[in-house]
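Step one of this worksheet: look at the structure below.
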Amino acid sequence: MQWVTVNDALTGVVPVNSEVTLKGWVRTRRDSKAGLSFIQLNDGSCLANVQLVAQNSLPNYEDQIAHLSAGCAIEADGVLTPSQGRGQSVELQASAIRLIGAVDDPETYPIQPKAHSYEFLREVAHLRPRTNTFGALTRVRHELAQAVHSFLHGQGYYWISTPIITASDAEGAGQMFRVSTLDQVNLPRTDKGEINYDEDFFGTETFLTVSGQLNVEAYCLAMSRVYTFGPTFRAENSNTARHLAEFWMIEPEIAFADLAANADLAEAMLKSVIGTVLERCETDLAFLAERSDKGLIDRLRALTDSEFVRMDYAEAIEVLAKSGKRFEFPVTWGADLQTEHERYLTEEHVGRPVVVMNYPEKIKAFYMRLNDDERTVAAMDVLAPGIGEIIGGSQREERLEQLDRRMRQFNIDPAHYQWYRDLRRYGTVPHAGFGLGFERLVAYITGMGNVRDVIAYPRTPGNAPF
RNA sequence: UCCCGGAUAGCUCAGUCGGUAGAGCAAGUGACUGUUAAUCACUGGGUCGCAGGUUCGAGUCCUGCUCCGGGAGCCA
């Protein structure tokens, strides 16, 4: 008998009256003393369950079927038939049900047929994909990742797998996790008493990457259009709904491009991938919207149809100053925008994503290109309602003298960046790129309030249990 | 890291003035029914986060710690 997915069984891919096998996990069981049981079966292929109808004439009915509880793994053979009941168009009239994996203590099985808090589900991260919500989130996340690859591929971008382990120690994005095979109890020391990393695995200090940007720039200056899509790591003690110690980032890099082209790509990419997911995950998104924010889908549709507002940092400061709002942090030219400022701009002033460009050079990273005014750099942030900064990017400093000047200004030793400086010595061109936080994007699209709930196993300070 | 809030049954929570533990859901059993997170009845289920302290007596008051959440900072 042919094994088919629940999705294929329910959506007509498998013709009615076919004899098939379904495999999955029990959600609920309802018994009828008319001599049959109804079993809701889910296999992750879609949000919906398929209803199995099990007659008490089945040989293992009394022993096994009548005791099936949430979470039991089963296989069911039978004929797909039009349903006699309401609530589903087809169901499986089971000719055999095999118990593959029982639940040994139904009372303590954590996933019950009821609403659970997200906090509780994080404590059972290995079982939460068995809930409707996390099934839907998992499918949306997957389609979104596919959509990102597909969009960039369609625009002629090459996916570069940049390294996870890096020796660059100051990519300008915060604290790093050390990677070492040294004996932590008996660390080898130099004559001066310092830890001797010559004896470490790579013969030098190494860390987990905080960004693939510097590496991908090198490929950009050969392949023209490239991107990274992989995990990144920040050892910051950040405890918010928007931060993870391990998260995934998409970083396109465009050669022969300036900040405006960068912003255009960011806008086109967001609209494209959101449009794709709206189309491909309609059911899952509708379910998630029902649970989080009923206006979600309309807002996403509106976003794909509208122009993102572009605004200079100076203009943003002016808007904030004239807003009449009382902010906790003062609004002055030269200070970085605080969360409250970003929220006002994107949620109240514009009501859609907004691109803020050309920030003061003092508050931005060394590799960002100095503008002609010599007091701003060609940096941009894309701010989205509810989630804040979803993209950060810039045109890169392609002029060697300016880059060296900026490195000295930020107390960065050019000796550590010889290979990065080479890119400015050998055929340098204007280029630009950005980083899109994948979990923030998934959270924004699904209406989830916490990035810990859109990644399978969230890593946060003091928390990596699975 | 800072500010605020919280931790009581498998889950979500209530617990009055300090007087010895409650509900709903879940689970088990039964009744009923082509049922729809069914319905009804009964039953079992507790180291009240941990450690101290005050008190005749602490889930309740005090101190410390741990963990969780919300907000802030840092950022994607």
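Quantities reported herein were computed from a predicted structural model and do not represent experimental measurements. Lettering of chains follows the sequences in order, A, B, ..., and the numbering in each one begins at 1.
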Query raised in the report: Just wondering, do A/Phe247 and B/A76 stack (centres under 5.5 Å, planes under 30°)?
Result: yes
So what does [X] hit on the nucleic acid, given a heavy-atom distance under 4.0 Å: a base, only sugar-phosphate, or nothing?
X: A/Glu246; result: nothing
X: A/Ile391; result: sugar-phosphate
X: A/Ser83; result: base

Which of these nucleotides, [options], is closest to any side-chain atom of [X]?
X: A/Met249; options: B/G34, B/C74, B/A76; value: B/A76
X: A/Gln338; options: B/C11, B/G34, B/C74; value: B/C74
X: A/Glu389; options: B/A76, B/U1, B/G69; value: B/A76
X: A/Phe329; options: B/U36, B/G10, B/G73; value: B/G73
X: A/Gln84; options: B/G24, B/G34, B/U33; value: B/G34

Report task. Find the runs of at least 3 consecutive base pairs, i with j, i+1 with j-1 and so on, that include RNA chain B, using Watson-Crick or G-U wobble geometry with both distances under 3.5 Å. Result -> B:1-7 with B:66-72, B:10-13 with B:22-25, B:27-31 with B:39-43, B:49-53 with B:61-65
Report task. Check each residue of residues 443-466 of chain A for a non-hydrogen atom within less than 4.0 Å of any atom in RNA chain B, then write out the ones that pass by number, or none. Result -> A/Asn450, A/Arg452, A/Asn463
Query raised in the report: Taking RNA chain B as the partner, which of residues 339-358 of chain A come within under 4.0 angstrom of it by heavy atom?
Result: A/Thr339
Query raised in the report: So which one's nearest nucleotide on RNA chain B is more toward 5', A/Gly85 or A/Glu123?
Result: A/Gly85
